[in-house]
Amino acid sequence: MTDAQTGGGPGQSRLELEHPIAFLTLTGEKLDAVLTQVALSTAGEETACRLRVRVSWDVYQVIARDAWMGLHAASRLRGQDATLEAGRDVELRVVIRHTLLTTALRFGTEAEHVLQALLEDSLEGQRLRCSECWLITEALQQLEVPAALAGGTLKKGYRTEWAEGEQGLPVATRSSLRETVESYMAQAELDFDWVDDDIGRCLYSGGNGSWAVLIRTDEAQQLCLVYSVYPVSVPEAQRAELAVYLNEENYDLVVGNFELDPSDGELRYRTSLDVEQAALTPALFRRLFTTNVEMMDYYFQLLAGRI
């Protein structure tokens, strides 16, 4: 980390620095960045914790594509030119979700304390480094101004609805989990029906076989789960041996896991997301769904050889 510089006026604490940091997405991807500013501000009873991070163009593309850090298409304010220049680094200005403030301020109420909490090698530190704990308020690029126009640099980019939210203005209403699931399934042109209020079902065909997919939503707990159910129940004589094999495979799986019901031999692959601190966008659900069915398709014939 380069030497940090502190600053800020009354009710503000700011730390300028250059320190590498990696945010982890809900699907296990690393978003590498450079932390350049940590800032705390207090206005009345409202406290806000903000960061500035610099990311490569490739990392920005991943964030924009998969709507990490609240950067879904609808979050960008209308009337702005949201076009950024390919290949250039992007400065992201982000604000922490209010529900995470206590975690960020557990060591104190100065910017240095937030930095300590953010970089700590602990469960709390890991939680703060989850991408969905933060919301992008601005995305900017520093551009060179031609010498004929007096030279120098300027920043160009766009603001999001989360910047409006900081100022107490209304932000977009979050879609229900059910609405997000329906939106994606319609876009993917999959024949999907709700079995009851919380569980939906479709038939999926991969390169190696076909099987039922169950999608469960829990609005109260803000959980979304996807299950690929293997079409053949495991015979009782093979269950113990297959359970050992699945346990070995689960050990190395990054996202999701196999489940085997020892009572009836039902075999399924599960992926899930807790989005209480985030929003389940169609892009995020797409990752959850496709990861699930791709894993079942990969293992389909391997499982057939063991049943």
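Along the sequence shown, residues are numbered consecutively beginning with 1. In what follows, every heavy atom counts, from backbone to side chain, and hydrogens, waters and symmetry copies are set aside. These numbers were taken from a predicted model, which means no experiment stands behind them.
Checking Trp57 against Glu85 by side-chain atom types alone, no donor-acceptor pair falls below 3.5 Å. For Ser228 and Arg268, the side-chain atoms include no donor-acceptor pair closer than 3.5 Å. Side-chain contact, Tyr299 with Glu249: a donor N or O sits under 3.5 Å from an acceptor N or O. A donor-acceptor contact closer than 3.5 angstrom links the side chains of Glu110 and Ser13.
The backbone N or O of Leu203 sits nowhere less than 3.5 Å from a side-chain atom of Trp211 that would complete a donor-acceptor pair. The backbone N or O of Glu179 lies less than 3.5 Å from no partner atom in the side chain of Ser183, so there is not a single donor-acceptor pair. Counting only distance, with no hydrogens or angles, the side chain of Thr180 and the backbone of Ser176 share a donor-acceptor pair below 3.5 Å. For Thr217 (side chain) and Glu219 (main-chain N/O), no donor-acceptor pair under 3.5 Å exists by modelled atom type. Side chain of Arg93 to backbone of Leu140: no donor-acceptor contact under 3.5 angstrom is found. Gln141 places a side-chain N or O within 3.5 Å of a backbone atom of Arg88 that can act as its donor or acceptor partner. Using modelled atom types, one side-chain atom of Asp297 and one backbone atom of Asn208 make a donor-acceptor pair closer than 3.5 Å.
Taken to the nearest 0.5 Å, the CG atom of Leu100 stands 11.0 Å off from the CD atom of Glu132.
Classified by interplanar angle (parallel below 30°, tilted 30° to 60°, perpendicular above 60°), the ring pair Tyr230/Phe300 is tilted. Aromatic ring orientation, Phe289 versus Tyr204: perpendicular (interplanar angle above 60°, classes split at 30° and 60°). Between Trp194 and Phe192, the two ring planes are perpendicular [angle over 60°; tilted spans 30° to 60°]. Using a 30° and 60° split on the angle between ring planes, Trp134 and Phe23 fall in the perpendicular class, above 60°.
A 4.5 Å side-chain heavy-atom check between Leu280 and Cys224 finds at least one atom pair inside the cut-off.
With salt bridges taken as basic N to acidic carboxylate O contacts below 4.0 Å, one links Asp66 and Arg287.
Other residues, nucleotides and ligands place more than 12 heavy atoms under 6.0 Å from the CZ atom of Arg129. For CD of Glu236, the number of neighbouring non-hydrogen atoms (other residues, nucleotides, ligands) closer than 6.0 Å is 12 at most.
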